[in-house]
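Remarks on the structure that follows.
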Amino acid sequence: IDEIKQQSTSTPQHPVVDIQTLPILLKFCLNSLTFDFNSISTSLLLIDYIKNHESIELYGFGLNIDCYNAILIQVWSKTENLNMVGSLIDELKINAIQPDLYTFKILAKIYLHCMRVNDGLGSEPYIIWNDSSNVHKIRDYLQDFRLL
């Protein structure tokens, strides 16, 4: 940690990147792109680049549950796209990335938001523009999480 701190303060353009710092730096970059620069599309492009990169280590060590949590928050807060949330849940399952309590909290908040739409006009975007199976996918994932 001292080595990382020393190099980061002396040359911030070249931080020490290892298994522990990569997800932290990646999460910071994703949050900065999405919330500071208002560019969720650039964040998603970066994620796609990492997924398609020839180095499996970049994907395996970089995209941990903390990064997926950040992506879930970004996708929901900027787009409210249930299809993208459903795709992220599928990735978590396929890649056997273990959720944590924060993942549960994020998905529970999304699920409750979708289920609390009382206004008929307000519920239309979730029915028309999104596949309702994604709401059920979130529910099932939350139920599976409780069984862990």
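Quick caveat, the model's predicted, so the values are computed rather than measured. Quick note: residue numbers are just sequence positions, from 1.
Not counting sequence neighbours, Asp140 has no partner by the salt bridge (charged side-chain N to carboxylate O under 4.0 Å, His left out) test. Lys78 pairs by the salt bridge (charged side-chain N to carboxylate O under 4.0 Å, His left out) definition with nothing, not counting sequence neighbours. Residues meeting the side chain to side chain donor-acceptor pair (under 3.5 Å) test with Thr42, sequence neighbours left out: Ser39. Residues meeting the side chain to side chain donor-acceptor pair (under 3.5 Å) test with Ser10, sequence neighbours left out: none. A search for side-chain contact (heavy atoms from CB on, under 4.5 Å) contacts involving Lys93 returns Ile89, Tyr141, not counting sequence neighbours. Taking His53 as the reference, nothing meets the side chain to side chain donor-acceptor pair (under 3.5 Å) condition, with sequence neighbours excluded. Checked against side chain to side chain donor-acceptor pair (under 3.5 Å), Tyr59 has the following partners two or more places apart in sequence or in another chain: Tyr68, Asn95. Residues satisfying the side-chain contact (heavy atoms from CB on, under 4.5 Å) criterion with Glu54, sequence neighbours excluded, are absent altogether. The side-chain contact (heavy atoms from CB on, under 4.5 Å) test applied to Tyr111 returns Met115, Val135, Ile138, Arg139, Leu142, not counting sequence neighbours.
Here the side chains of Ile71 and Thr34 are not in contact, with every heavy-atom distance at 4.5 Å or above. Put simply, the side chain of Ile73 reaches to within 4.5 Å of the side chain of Ile106, judged on heavy atoms. Counting only heavy atoms from C-beta outward, the side chains of Asn64 and Ile97 never approach each other to under 4.5 Å.
At least one donor-acceptor pair under 3.5 Å links the side chain of Asp100 to the backbone N or O of Thr103.
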How far apart are the C-alpha atoms of Ser43 and Leu46, what are their side-chain angles, what is the distance that settles it, and do they pass the side chain to side chain contact (heavy atoms under 4.5 Å, CB included) test?
-> CA-CA 5 Å; Ser43 292; Leu46 180 61; 5.7 Å; no
Evaluate the side chain to side chain contact (heavy atoms under 4.5 Å, CB included) criterion for residues Val85 and Asn134: first the C-alpha distance (whole Å), next the side-chain angles of each, then the deciding distance (0.1 Å), finally the verdict.
-> CA-CA 8 Å; Val85 171; Asn134 286 307; over 6 Å; no
Determine, stepwise, if the pair Leu44 / Met84 fulfils side chain to side chain contact (heavy atoms under 4.5 Å, CB included).
-> CA-CA 10 Å; Leu44 295 174; Met84 291 175 75; 3.1 Å; yes
Would Asp90 and Lys137 satisfy side chain to side chain contact (heavy atoms under 4.5 Å, CB included), going step by step from the backbone distance to the final call?
-> CA-CA 9 Å; Asp90 289 338; Lys137 187 183 292 185; 2.9 Å; yes
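Of all heavy-atom pairs between Cys67 and Pro23, the closest is SG-O, 3.5 Å.
The environment of Phe35 atom CZ is dense: over 12 non-hydrogen atoms of other residues, nucleotides or ligands sit within 6.0 angstrom.
In the hydrophobic clustering of this structure, Ile19 groups with Ile50; members are Ile, Leu, Val, Met, Phe, Trp, Tyr whose side-chain heavy atoms approach within less than 4.5 Å, directly or through other members. Under a hydrophobic clustering in which Ile, Leu, Val, Met, Phe, Trp and Tyr are joined whenever their side-chain heavy atoms come within less than 4.5 Å, directly or via other members, Leu101 and Ile110 fall into the same cluster. Hydrophobic clustering (ILVMFWY, side-chain heavy atoms < 4.5 Å, transitive): Ile94 and Leu88 are in distinct clusters.
Partner of Trp76 under the side chain to side chain contact (heavy atoms under 4.5 Å, CB included) criterion, out of Asn81, Leu82, Leu107: Leu82 alone.
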In a table with atom names and distances, give each donor-acceptor pair under 3.5 Å that connects a side chain of residues 24-33 to protein atoms at least two apart or in another chain.
| residue | atom | partner | partner atom | Å |
| --- | --- | --- | --- | --- |
| Asn31 | OD1 | Gln74 | NE2 | 2.8 |
| Asn31 | ND2 | Lys27 | O | 3.4 |
| Ser32 | OG | Asp36 | OD2 | 3.2 |

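Sequence neighbours left out, the pairs with a member in residues 38-52 that pass salt bridge (charged side-chain N to carboxylate O under 4.0 Å, His left out) are Lys51-Glu91.
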